[in-house]
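Structure, as structure tokens:
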Amino acid sequence: MVGLESYEGPATIEKVASLCRRRGFVYPSSDIYGGLGSSYDFGHYGVLLNQNVKAEWQRSMIFEREDVVALDSSIILNPKVWVASGHVGGFSDPLVDCRTCKLRFRADHIDTSACGRRPSKHPGETPDCDLTDPRDFNLMFETFIGPVREDASRAFLRPETAQGIFINFKNVTSSLRVKPPFGIAQIGKSFRNEITPGNFLFRVREFEQMEMEFFVPPAEADEWYRFWVEARLSWHLGLGLRPSHLRVRAHDAAELSHYSSATSDLEYLHPIGWTELEGIANRGDFDLSAHAEHSGTKLEWIGHEERYVPHVIEPALGVGRAVLAFLVDAYDEEEVAGEQRIVLRLHPRLAPVKVAVLPLIGKDEGLVGKARPLYEELRRVMSTEYDDSASIGKRYRRQDEIGTPWALTIDHQTLEDDTITIRDRDSLAQERIPIVGARALLEDRLEQPWHPRK
Ligand code: GAP
């Protein structure tokens with residue numbers, strides 16, 4: 001897939017963050033106490049959008065397949081898990097401090113970091129820069145189990161959900177009807193003490209991951225790796241990400257993690273450039289073998305005539321990172337009748353609200369008498385909003401900014417012939433339809449493919 005050289009479009013991370021705050025998607029965390037750097041709380045529409053992204057992931061990973069089962073493992077695991085996985089010894093970033101500006105940088109990101117004193121320069125480039133040698137900084141958050149703060153009670157908040165899956169391999173294979181190739185999928189919070197969080201939801205210290213470990217016979221690993229790269233690419237495209245803003249980039253040998261024999265990133269073209277959206281890794285038998293060795297429990301597949309340690313293919317995606325890409329991709333500005341319109345052209349299945357029911361005049365009892373029953377009927381089957389405040393124009397603009405694909409307006413003609421108008425967020429076309437058919441029409445539209453822009 002050929003991607004663009006650089007981002008061209010109306011979105012910036014700042015504009016998207018500002019819309020998210022203004023419209024109740026995402027707030028800076030601990031705001032009234034001055035915030036907590038790069039931490040965010042999700043408001044009503046953010047919660048709904050997150051849920052829709054997770055539901056789409058579960059739908060394609062679990063419900064539309066017969067070979068993937070679900071899991072929800074603990075955030076705090078036996079600390080030995082992180083020794084076996086290599087996180088205690090190796091989950092670190094190289095860190096340098098500048099003694100002059102007192103800022104801290106990732107040694108491997110110096111070329112893209114800005115020096116604290118001269119924003120046009122990179123750290124180390126001005127005569128005043130005084131950088132320390134790189135030292136390793138472990139990214140795991142530590143905590144203590146029980147009342148005594150001693151080494152024996154030290155534990156970690158998980159930095160990835162994947163290890164909870166590997167350590168349950170035996171439980172799952174002995175309790176459920178699974179047989180390689182099969183997968184275990186999990187969505188949950190992960191924590192990383194990132195040195196340089198930033199760019200809104202892109203890199204944060206507390207985030208949700210959607211990870212699936214797919215266990216396969218070793219000889220089939222390459223084939224399944226290629227399958228999952230394509231499948232994950234299709235998922236993002238099917239939910240509306242523009243093809244020209246999405247590409248697959250294979251890691252070269254120097255970039256590969258200690259556990260991986262092949263990894264590809266799906267990269268998204270943000271206003272900040274091409275960045276990792278999702279990783280798909282061929283982890284080989286590294287994890288099952290490491291946990292078998294450290295725990296003393298055999299983690300292998302035993303069939304009628306075969307016995308082997310499965311290899312693992314892992315697609316891993318951050319919920320917030322996906323949400324940010326969908327928001328940036330959907331963000332649009334245009335001029336309509338001399339006024340600027342901001343609109344989120346989200347895929348209808350991702351949109352937090354599917355339809356708004358708007359009586360033309362909120363205080364007109366006749367209109368309300370038609371609008372409320374319609375609203376009550378629709379909200380039973382899809383996320384629906386009723387809004388009778390302000391002018392109709394303002395109400396449309398509000399729905400455009402939260403990405404509601406359709407608005408139903410009840411006007412005086414409704415009282416005469418029981419028809420309403422349906423307004424399309426993207427084309428702005430308005431059609432008259434019978435009120436009795438509204439629910440079926442919307443349910444049908446939600447099932448239709450939605451065509452993203454180029
Ligand atoms: N189990 C493999 C694993 O965790 P990763 O590439 O470190 O691999 C997987 O993380 C995905 O999790 C990333 O592609 C990204 O979408 C998301 N992710 C990782 N660190 C993140 C952070 N600090 N903030 C937000 N999302 C993050």
Please confirm whether Phe156 and Phe141 have ring centers closer than 6.0 angstrom. no
Would you call Arg307-Glu300 a salt bridge at under 4.0 Å N-O? yes
Hydrogens and angles aside, do Gln163 and Ser85 bring a side-chain donor and acceptor to less than 3.5 Å of each other? no
Any salt bridge linking Arg341 with Glu401? Criterion: basic side-chain nitrogen under 4.0 Å from a carboxylate oxygen. no
Do the side chains of Glu314 and Arg283 get close enough for a salt bridge, i.e. N-O under 4.0 angstrom? yes
What I want to find out is whether Lys189 reaches Glu208 closely enough, with some N-O distance under 4.0 Å, to be called a salt bridge. no
Would you please say whether a donor-acceptor pair under 3.5 Å links the side chains of Ser29 and Asp41? yes
Could Arg423 and Asp400 be called an ion pair, given the rule that one side-chain N must be under 4.0 Å from one carboxylate O? yes
Compute whether any side-chain donor of one residue and acceptor of the other, for Asn282 and His311, lie under 3.5 angstrom apart. no
Using a 6.0 Å cut-off, check whether atom CD of Glu66 has over 12 heavy atoms from anything other than its own residue. no
With no hydrogens and no angle check, do the side chains of Ser190 and Gln209 hold a donor and an acceptor under 3.5 Å apart? yes
To the nearest 0.5 Å, atom NE2 of His347 lies from atom CG of Leu239 at 5.5 Å
Heavy-atom neighbours of Arg149 CZ exceed 12 at 6.0 Å: no
Assess whether a salt bridge exists between Glu56 and Arg59, defined as any Lys/Arg side-chain N lying under 4.0 Å from an Asp/Glu carboxylate O. yes
Passing candidate, ring-ring contact (aromatic ring centres under 6.0 Å, His included) with Phe25, options Phe42, Phe200, Tyr45: Tyr45
State plainly whether the residues Lys298 and Glu293 are in salt-bridge range, i.e. N to O under 4.0 Å. no
Check for me whether the distance between the ring centres of Tyr268 and Trp274 falls short of 6.0 Å. no
Decide, yes or no, whether a salt bridge links Arg192 with Glu206 under the criterion of side-chain N to carboxylate O below 4.0 Å. no
Indicate yes or no: does Arg242 engage Asp329 in a salt bridge with an N to O separation below 4.0 Å. yes
Atom NZ of Lys170 with >12 non-hydrogen neighbours under 6.0 angstrom: no
If you measure from the Lys or Arg side-chain nitrogens to the Asp or Glu carboxylate oxygens, is any gap between Arg379 and Glu385 under 4.0 Å? no
Does the side chain of His236 pick up a donor-acceptor pair with the side chain of Glu278 at under 3.5 Å? yes
Is the cationic atom of Arg321 (NZ for Lys, CZ for Arg) positioned less than 6.0 Å from the six-membered ring centroid of Phe202 and within 45 degrees of its normal? yes
Kindly indicate whether a cation-pi arrangement holds for Arg232 with Trp235, taking the cut-offs as under 6.0 Å to the six-membered ring centre and within 45° of the axis. yes
Salt bridge between Asp97 and Arg135, side-chain N to carboxylate O under 4.0 Å? yes
Just by distance, no angles: are the side chains of Asp387 and Ser389 close enough, under 3.5 Å, to form a donor-acceptor pair? yes
Can Tyr225 and Ser261 be counted as having a side-chain donor-acceptor contact under 3.5 angstrom? no
Will you find, in the side chains of Ser257 and Ser260, an N or O donor that is under 3.5 Å from an N or O acceptor? no
Could you tell me whether Arg349 and Glu447 make a salt bridge, using a distance below 4.0 angstrom between a side-chain N and a carboxylate O? no
Around atom CD of Glu8, are there more than 12 heavy atoms from other residues, nucleotides or ligands closer than 6.0 Å? no
